[in-house]
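The structure appears right after this line, and notes come after that.
Because the structure is predicted, anything quoted here is derived from the model rather than measured. Every heavy atom of this structure was used, including side-chain atoms; hydrogens, water molecules and symmetry mates were not.
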Amino acid sequence: MIENGFSWEVIFVDDGSSDNSWQIIEQLAAKNPAFRGIKFRRNYGKAAALNVAFQAASGDVVITMDADLQDSPDEIPELYRMIRKDGFDLVSGWRRNVMTLSRKPYQPGFTTGRQEGCLASGFMILTAASKHTVTRW
């Protein structure tokens, strides 16, 4: 993010995990004010987690990613370009040709425009104005 000149914040949502996720979030937040955390008492699901994160986000552009980093943060500059330069309100990334039982690399893919099921992806970038539409969708 820094090397691309983006201002940024990271909002972690701990959705009731039973591991040490919350302690790690607290440590990160103590070291860097750009990191913030929201803790749920139990798992309320992805939609609830996205909703509270969207409400807490202060930027003009919001990026969602699953914590397991199954999608590469290296793709963010291209997604950001598509929002800012190409004028899309939402771009969703997904993994294509995934071979879960092999060690073959996956090829990232992006959807632009209307695609059924694109919001099922954990990897999205959207304008701040669009985040209110997504939570109602």
Side-chain angles (χ1 to χ4, degrees):
M1 300 303 284
I2 294 169
E3 82 181 35
N4 286 290
F6 300 151
S7 62
W8 55 277
E9 66 183 336
V10 176
I11 302 168
F12 295 100
V13 179
D14 181 343
D15 60 349
S17 65
S18 58
D19 59 13
N20 65 340
S21 296
W22 186 247
Q23 290 78 19
I24 294 169
I25 292 167
E26 289 179 315
Q27 291 169 6
L28 290 169
K31 292 178 185 174
N32 187 332
F35 292 106
R36 297 188 293 148
I38 298 168
K39 183 177 172 96
F40 286 173
R41 285 180 276 185
R42 66 174 185 84
N43 186 325
Y44 290 97
K46 187 177 214 165
L50 287 173
N51 187 43
V52 299
F54 286 160
Q55 289 175 17
S58 62
D60 294 331
V61 173
V62 178
I63 300 168
T64 68
M65 295 185 77
D66 291 337
D68 62 7
L69 294 178
Q70 65 180 327
D71 299 297
S72 174
D74 294 336
E75 305 294 342
I76 291 172
E78 176 60 13
L79 293 171
Y80 185 80
R81 184 198 63 74
M82 294 172 84
I83 292 286
R84 288 298 198 198
K85 303 277 192 237
D86 295 345
F88 291 101
D89 291 320
L90 183 147
V91 180
S92 179
W94 77 95
R95 297 191 308 171
R96 251 189 324 211
N97 299 331
V98 176
M99 305 295 283
T100 56
L101 299 178
S102 77
R103 297 189 185 275
K104 293 181 182 178
Y106 71 87
Q107 298 175 344
F110 301 101
T111 180
T112 57
R114 295 180 180 221
Q115 277 274 351
E116 238 181 273
C118 71
L119 297 181
S121 171
F123 193 32
M124 293 185 289
I125 181 168
L126 57 151
T127 63
S130 298
K131 70 183 183 180
H132 302 293
T133 304
V134 170
T135 58
R136 288 191 306 258
W137 186 69

Interatomic spacing from [atom1] in [X] to [atom2] in [Y] - rounded to 0.5 Å:
X	Y	atom1	atom2	result
M82	L90	CE	CG	10.5 Å
I76	I63	CD1	CD1	4.5 Å
M65	L79	CE	CG	9.0 Å
K39	E26	NZ	CD	7.5 Å

Same cluster for [X] and [Y] if Ile/Leu/Val/Met/Phe/Trp/Tyr side chains link at under 4.5 Å?
X	Y	answer
L50	I38	no
V13	F35	no
V10	I25	yes
V52	V62	no
W22	F12	yes

Set of residues satisfying salt bridge (Lys or Arg N to Asp or Glu O under 4.0 Å) with respect to R81, sequence neighbours excluded | E78, D86

Nearest heavy atoms of P77 and D74, plus distance in Å =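 Of all heavy-atom pairs spanning P77 and D74, the closest is CD-O, 3.4 Å.
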
Heavy-atom closest contact (I11 atom, A53 atom, distance) | CD1-O, 3.9 Å

Taken in chain and number order and not counting sequence neighbours, the residues that satisfy side chain to side chain contact (heavy atoms under 4.5 Å, CB included) with N20 are Q23, I24

Listed by chain and number, what are the side chain to side chain contact (heavy atoms under 4.5 Å, CB included) partners of D60, not counting sequence neighbours?
-> R84

